[in-house]
Amino acid sequence: MPAETITITDNRTGKTYELSIQDETIRALDLRKIRAHDEDFGLMTYDPGYTNTTSCKSRITFIDGDKGILNYRGYPIEQLAESSSYLETAYLLRSGELPTAAQLGEWTKSIVSQSAVPSFIEGLIESFPVGSHPMGMLISVLGALSTANSDSKHVYDVDVRTKHIHKLIAQVATISAYAYRRQSGLPLVSPDANLSFSGNVLKMMFGKTGERYRVNPVLEKALDVLFILHADHEQNCSTSTMRMVGSSEADPYVSTAAAAAALYGPLHGGANEAVLKMLKEIGTKSHIPEYIQRVKAGEVKLMGFGHRVYKNYDPRARIIKHTAYQVFETMGTNPMLDMAIELERIALEDEYFVKRKLYPNVDFYSGMIYQAMGFPVEMFTVLFGLARTSGWLAQWEELVTDDDQKIGRPRQIFLGSPERKYLPISER
Ligand code: SDX
């Protein structure tokens, strides 16, 4: 059996080095012994965007980008979307195992019963001008929640982590709903512990104060499936941000606020909002070829297409497309759906996209469902963040309990000015 090592020859010195290979990786720190001169710092890697760098060892989510496979704790996303619920999936992501009925009952009761936010949070949300983007409100309020949960700083205490993981999963839903209500200039609608997690989200978003809200089971199920699909996705930009901030022993509230900020970008979770804006800009099917030309000229991107890991169809996009039809049967179709399907058809036949292995990702169809449910485009990323909170927290807890981990602090290639003498302003 060949040794699990790699031998590197430094052609500057003729020296050879044997580095061990573990889990198909080499430890970057082992490269530091490769020096041209004794006083050198030693070799490092240069990897903008971390395209080929592992930051951690994780047991939570597995993705095979070439085969379009996504598993949470070994369970295929297709099976979870079909048979599980969002809260059961959130339990699985954290604990590593599917819960028994008793465990699920306890977990659900603990979370849904903590949906109410401190009264000052309601005041904070109502202090934003009507029409404010709900992502800005979500990010601000998640950080503010930290001030009401100062014990959450004890990140190495499992009971403290459990308490605040439950609270965050519950209250990010309430804050998301309140942000929508404030953006729309509507009064806040309190949570109802008698409803399911997703039913409660719909009630807080679309209910009327003082009135009983009748949950539409088709929308409740569709929203729950969307939350399952968005719950985790290994070391994406926002999850890596959660881990980076968490690596400084910051509390889970401010870490989640930072992760939500990373998600907001149009290259990441903001893409679902950008897809609808793109479809609106294209306007009609007849304008699709012209837009595709602009994409190929590098003027614009085809939002909702492409992925750092998936070089095949994103399995979540396939499930979302199926779910869309169920929602449209209830709520009426989204006129943009036909255009999206035509855009996908054209792109998947075009050499530019085929060569670059650009397929629809999770964001391509999700916005159309949300829009058909009655959510404004600004809420799409908020709903993504609401669901991803359970994944961010599972990844954060894995980081906090991983003895291999330490505070994140990458290095740089310095190309700036060599040392020089300060000049008084009269001499400049
Ligand atoms: C999410 O990481 C995750 O797991 C994220 C996520 C999750 O669940 O957390 O899956 C959620 O963020 C999904 C992605 C949502 N973003 C978008 O839909 C925005 C549009 N997509 C692109 O910006 C892009 O595809 C990224 C950002 C998603 C991935 O970019 P990469 O991996 O850095 O790839 P790249 O930019 O190096 O592109 C490689 C080539 C380039 O062309 P060439 O320079 O080789 O000629 O493909 C082209 C790019 O120009 N390309 C696109 C394109 N995406 C890549 N060209 C047009 N439209 C696009 N969408």
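Along the sequence shown, residues are numbered consecutively beginning with 1. These numbers come from the heavy atoms of this one structure, side chains and all, not from hydrogens, waters or symmetry mates. Remember, it's 1-based here, ligands and their atoms both numbered in the order they're listed.
Side-chain atoms of E234 do not come within 3.5 Å of backbone N or O of T239 as any donor-acceptor pair.
Taking the six-membered ring for Trp and the full ring otherwise, the centers of F364 and F305 sit less than 6.0 Å from each other. Under the 6.0 Å cut-off for aromatic ring centres, F384 and H233 do not qualify, their centroids lying 6.0 Å or more apart. Remark: aromatic rings of Y180 and F206 are close, center separation under 6.0 Å.
In this structure, atom 44 (O) of ligand 1 has no protein heavy-atom contact shorter than 4.0 Å. For atom 13 (C) of ligand 1, a protein heavy-atom neighbour is present inside the 4.0 Å cut-off. Atom 34 (O) of ligand 1 is never approached by the protein to below 4.0 angstrom, counting heavy atoms only. When distances from atom 20 (C) of ligand 1 to the protein are checked, a heavy atom turns up under 4.0 Å.
Among all non-hydrogen protein atoms, the one lying nearest atom 2 (O) of ligand 1 is N236 CB, 3.4 Å. Of the protein's non-hydrogen atoms, the one nearest atom 5 (C) of ligand 1 is H307 NE2, 3.6 Å. Counting only heavy atoms of the protein, atom 29 (C) of ligand 1 lies nearest to R308 N, 3.8 Å. In terms of protein heavy atoms, atom 16 (N) of ligand 1 is closest to L267 O, 2.9 Å. Closest to atom 17 (C) of ligand 1 among all protein heavy atoms lies A271 CB, 3.5 Å. Summary of contacts: the protein heavy atom closest to atom 58 (N) of ligand 1 is L302 N, 2.9 Å. Counting only heavy atoms of the protein, atom 36 (O) of ligand 1 lies nearest to K301 NZ, 4.4 Å. Of all protein heavy atoms, the one lying nearest to atom 57 (C) of ligand 1 is V295 CG1, 3.6 Å.
Residue-ligand proximity: G49 is placed with every non-hydrogen atom at 4.0 Å or more from ligand 1. At least one heavy atom of Y352 lies less than 4.0 angstrom from ligand 1.
Looking at D363, N272, N361, it is D363 that brings a heavy atom closest to atom 1 (C) of ligand 1. Nearest residue to atom 8 (O) of ligand 1 from M303, H268, H230, R316 is R316 (criterion: closest heavy atom). Proximity annotation for atom 48 (C) of ligand 1: of R356, Q235, R388, R356 comes nearest, heavy atoms only.
Note that R182 lies outside the cation-pi zone of F128, set by a 6.0 Å cut-off to the ring centre and a 45° limit from the axis. For the pair R35 and F41, the cation-pi criterion (under 6.0 Å, within 45° of the ring axis) is not fulfilled.
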Legend entry - Verdict with reasoning, E344 to Y313, per side-chain hydrogen bond (donor to acceptor under 3.5 Å, both in side chains): CA-CA 11 Å; E344 175 188 347; Y313 213 98; 2.8 Å; yes
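Note that CG of L168 and CD of Q114 are 10.0 Å apart. Values are rounded to the nearest 0.5 Å.
Counting heavy atoms under 4.0 Å from ligand 1, residue L358 touches it through the side chain alone.
With respect to the salt-bridge test (charged N to carboxylate O, under 4.0 angstrom), the residues R161 and E397 qualify. Comment: E398 engages R243 in a salt bridge, judged by a side-chain N to carboxylate O separation of less than 4.0 angstrom.
The distance from ligand 1 to the heavy atoms of G304 drops below 4.0 Å at these ligand atoms: 17 (C), 18 (O).
Here the rule is side chain to side chain contact (heavy atoms under 4.5 Å, CB included) with H164, and of I169, L145, D159, N149 only N149 fits it.
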